[in-house]
Amino acid sequence: LSLCATLAAAQQELPANGLLLVAKPELEDPNFGRSVVLVTQTPDAHTVGVILNRPTRAQHKGRPLWFGGPVMPSVVIAVFHAAAPPKASAFHVRTNLYLSMHPENVEALLADPKARYRLYSGFAGWAPRQLESEFEREGWYVLPADEAIVFREDTSGLWEELIERLKGPQA
């Protein structure tokens with residue numbers, strides 16, 4: 001048990017590993033135009049994430065689904081707040097924030113009425129160095145990940161608000 005507690009504490013001490021990618025207005029990719037994407041880097045240097053501002057009419061076991069991205073659209077992805085690392089596999093995004101496609105994590109969230117989470121169909125993914133090339137072509141703005149944005153109820157004007165913030169004096 002002490003080993004598990006030590007590992008859990010170590011994971012919470014990991015540095016923030018999540019960012020928000022905000023598509024620049026000139027990005028015309030049909031999957032990512034006008035999108036806000038929460039991303040994290042996997043241990044093997046891939047970048048994965050979910051599009052935060054694409055709600056759908058679909059549901060998973062009575063819960064709304066957002067379109068997370070074009071990769072594996074039939075898989076349910078959860079982004080969730082947890083005080084301790086989950087038992088099943090999950091990516092650490094920032095303190096107390098995780099991303100997982102593991103069914104055990106998704107089922108645990110669905111069973112907990114107090115859980116703070118959002119479900120997505122599919123995810124966005126980039127191979128090593130692929131995202132760097134998109135930065136070189138100036139396709140994205142980058143902002144720190146923020147739980148208020150991640151769990152925002154109404155995402156309809158999110159992209160526009162972030163673009164305005166990026167143009168403003170605090171940019």
Side-chain angles (χ1 to χ4, degrees), residues 16-42 46-82 85-127 130-131 134-135 137 139-166:
N17 187 27
L19 296 169
L20 295 177
L21 301 181
V22 180
K24 289 189 175 181
E26 47 282 345
L27 182 68
E28 295 181 7
D29 181 310
N31 289 309
F32 297 109
R34 299 176 62 94
S35 68
V36 178
V37 186
L38 172 68
V39 296
T40 190
Q41 191 168 53
T42 67
H46 285 77
T47 303
V48 297
V50 291
I51 300 171
L52 298 177
N53 61 328
R54 298 268 169 85
T56 72
R57 294 179 186 205
Q59 293 195 349
H60 177 74
K61 298 186 179 182
R63 295 291 303 200
L65 278 174
W66 271 253
F67 174 71
V71 180
M72 298 174 65
S74 63
V75 173
V76 175
I77 311 296
V79 173
F80 57 99
H81 178 94
K87 293 178 184 177
S89 177
F91 298 114
H92 176 258
V93 178
R94 54 179 282 142
T95 303
N96 299 329
L97 189 65
Y98 298 89
L99 183 148
S100 179
M101 67 176 69
H102 197 288
E104 187 177 314
N105 289 331
V106 173
E107 291 304 317
L109 292 165
L110 290 166
D112 182 356
K114 295 180 182 176
R116 186 174 189 200
Y117 65 97
R118 183 161 288 160
L119 299 178
Y120 297 87
S121 60
F123 63 95
W126 292 266
Q130 183 182 3
L131 190 54
E134 291 183 22
F135 287 136
R137 291 191 310 269
W140 299 99
Y141 293 113
V142 178
L143 292 172
D146 175 339
E147 271 196 61
I149 291 173
V150 170
F151 294 116
R152 180 176 162 156
E153 282 291 318
D154 180 7
T155 62
S156 60
L158 179 60
W159 180 82
E160 292 84 356
E161 288 175 31
L162 293 177
I163 291 296
E164 284 303 311
R165 182 188 308 175
L166 288 159

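The first residue in the sequence is number 1, and the count goes up from there.
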K.L.:
Without swapping roles, check the side chain of S100 against the backbone of V106 for a donor-acceptor pair under 3.5 Å.
P.N.:
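Not a single qualifying donor-acceptor pair exists.
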K.L.:
Could you work out, with side-chain hydrogen bond (donor to acceptor under 3.5 Å, both in side chains) as the rule, every residue matching E107, not counting sequence neighbours?
P.N.:
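For E107, the residues satisfying side-chain hydrogen bond (donor to acceptor under 3.5 Å, both in side chains) (neighbours in sequence not counted) are K61.
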K.L.:
Please enumerate all residues that pass side chain to side chain contact (heavy atoms under 4.5 Å, CB included) together with V71, with sequence neighbours excluded.
P.N.:
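Counting only residues at least two positions away or on another chain, V71 forms a side chain to side chain contact (heavy atoms under 4.5 Å, CB included) with F123.
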K.L.:
Can you list everything that forms a side chain to side chain contact (heavy atoms under 4.5 Å, CB included) with P55? Sequence neighbours excluded, please.
P.N.:
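W66, T155.
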K.L.:
What residues, two or more places apart in sequence or in another chain, satisfy side-chain hydrogen bond (donor to acceptor under 3.5 Å, both in side chains) together with H81?
P.N.:
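With sequence neighbours excluded, H81 shows a side-chain hydrogen bond (donor to acceptor under 3.5 Å, both in side chains) to E147, given in chain and number order.
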K.L.:
Measuring from E104:CD to L109:CG, what's the distance to the nearest 0.5 Å?
P.N.:
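E104 CD to L109 CG: 11.0 Å, rounded to 0.5 Å.
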K.L.:
Determine whether R116 and F80 make a side-chain contact, defined as any pair of heavy atoms from C-beta on separated by less than 4.5 Å.
P.N.:
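Side-chain contact under 4.5 Å: no.
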K.L.:
Can you name the closest pair of heavy atoms from W159 and A23 and give their distance?
P.N.:
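Closest pair (atom of W159, atom of A23, distance): NE1-O, 2.8 Å.
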K.L.:
Apply the side chain to side chain contact (heavy atoms under 4.5 Å, CB included) test between Y120 and each candidate in L99, T56, L52, V76; give the one that qualifies.
P.N.:
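For Y120, the side chain to side chain contact (heavy atoms under 4.5 Å, CB included) test succeeds with only one of L99, T56, L52, V76, which is L52.
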K.L.:
What closest approach, in Å, do G122 and I77 show between heavy atoms, and which atom pair accounts for it?
P.N.:
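Taking every non-hydrogen atom into account, O-CG1, 3.3 Å.
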K.L.:
Would you name the heavy atoms of G69 and I51 that are closest together and state the gap between them?
P.N.:
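Here G69 and I51 meet closest at CA-CD1, 4.1 Å.
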K.L.:
What heavy-atom pair brings P86 and N105 nearest, and what distance separates the two atoms?
P.N.:
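Minimum heavy-atom separation between P86 and N105: CB-OD1, 3.3 Å.
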K.L.:
Taking side-chain hydrogen bond (donor to acceptor under 3.5 Å, both in side chains) as the test, write out the residues that go with S89, two or more places apart.
P.N.:
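In terms of side-chain hydrogen bond (donor to acceptor under 3.5 Å, both in side chains), with neighbours along the sequence ignored, S89 is linked to no residue.
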K.L.:
What are the two closest non-hydrogen atoms of R94 and A145, and how far apart are they?
P.N.:
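Taking R94 first and A145 second, the nearest heavy atoms are NH1-O, 2.5 Å.
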K.L.:
List the residues meeting salt bridge (Lys or Arg N to Asp or Glu O under 4.0 Å) with R54, not counting sequence neighbours, and say none if there are none.
P.N.:
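R54: no salt bridge (Lys or Arg N to Asp or Glu O under 4.0 Å) contacts found.
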K.L.:
Return the CG to CG distance between L19 and D146, rounded to the nearest 0.5 Å.
P.N.:
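Separation between the atoms: 12.0 Å.
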K.L.:
How would you list, by chain and number, every residue that makes a side chain to side chain contact (heavy atoms under 4.5 Å, CB included) with P103, sequence neighbours excluded?
P.N.:
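P103: no side chain to side chain contact (heavy atoms under 4.5 Å, CB included) contacts found.
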K.L.:
R63 side chain to L110 main-chain N or O, any donor-acceptor pair under 3.5 Å?
P.N.:
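Side chain of R63 to backbone of L110: no pair is present.
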K.L.:
Among residues at least two apart in sequence or on other chains, which ones pass side-chain hydrogen bond (donor to acceptor under 3.5 Å, both in side chains) with E134?
P.N.:
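Listed in chain order: W126, W140.
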K.L.:
Among V22, I149, L21, exactly one meets side chain to side chain contact (heavy atoms under 4.5 Å, CB included) together with L143. Which residue is that?
P.N.:
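So, applying the side chain to side chain contact (heavy atoms under 4.5 Å, CB included) to L143 and each of V22, I149, L21, only V22 qualifies.
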K.L.:
Enumerate, atom names and distances included, each donor-acceptor pair closer than 3.5 Å involving a side-chain atom of residues 27-39, sequence neighbours excluded.
P.N.:
unit_1: D29; atom_1: OD1; unit_2: N31; atom_2: N; d: 2.6
unit_1: D29; atom_1: OD1; unit_2: F32; atom_2: N; d: 3.3
unit_1: R34; atom_1: NH2; unit_2: E160; atom_2: OE2; d: 2.3
unit_1: S35; atom_1: OG; unit_2: F32; atom_2: O; d: 2.6

K.L.:
Identify, with sequence neighbours excluded, every residue that meets side chain to side chain contact (heavy atoms under 4.5 Å, CB included) alongside K24.
P.N.:
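Residues passing side chain to side chain contact (heavy atoms under 4.5 Å, CB included) with K24: E26, E138, Y141.
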K.L.:
Please give me the minimum heavy-atom distance between L65 and S121, naming the atom from each residue.
P.N.:
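Here L65 and S121 meet closest at CD2-N, 4.0 Å.
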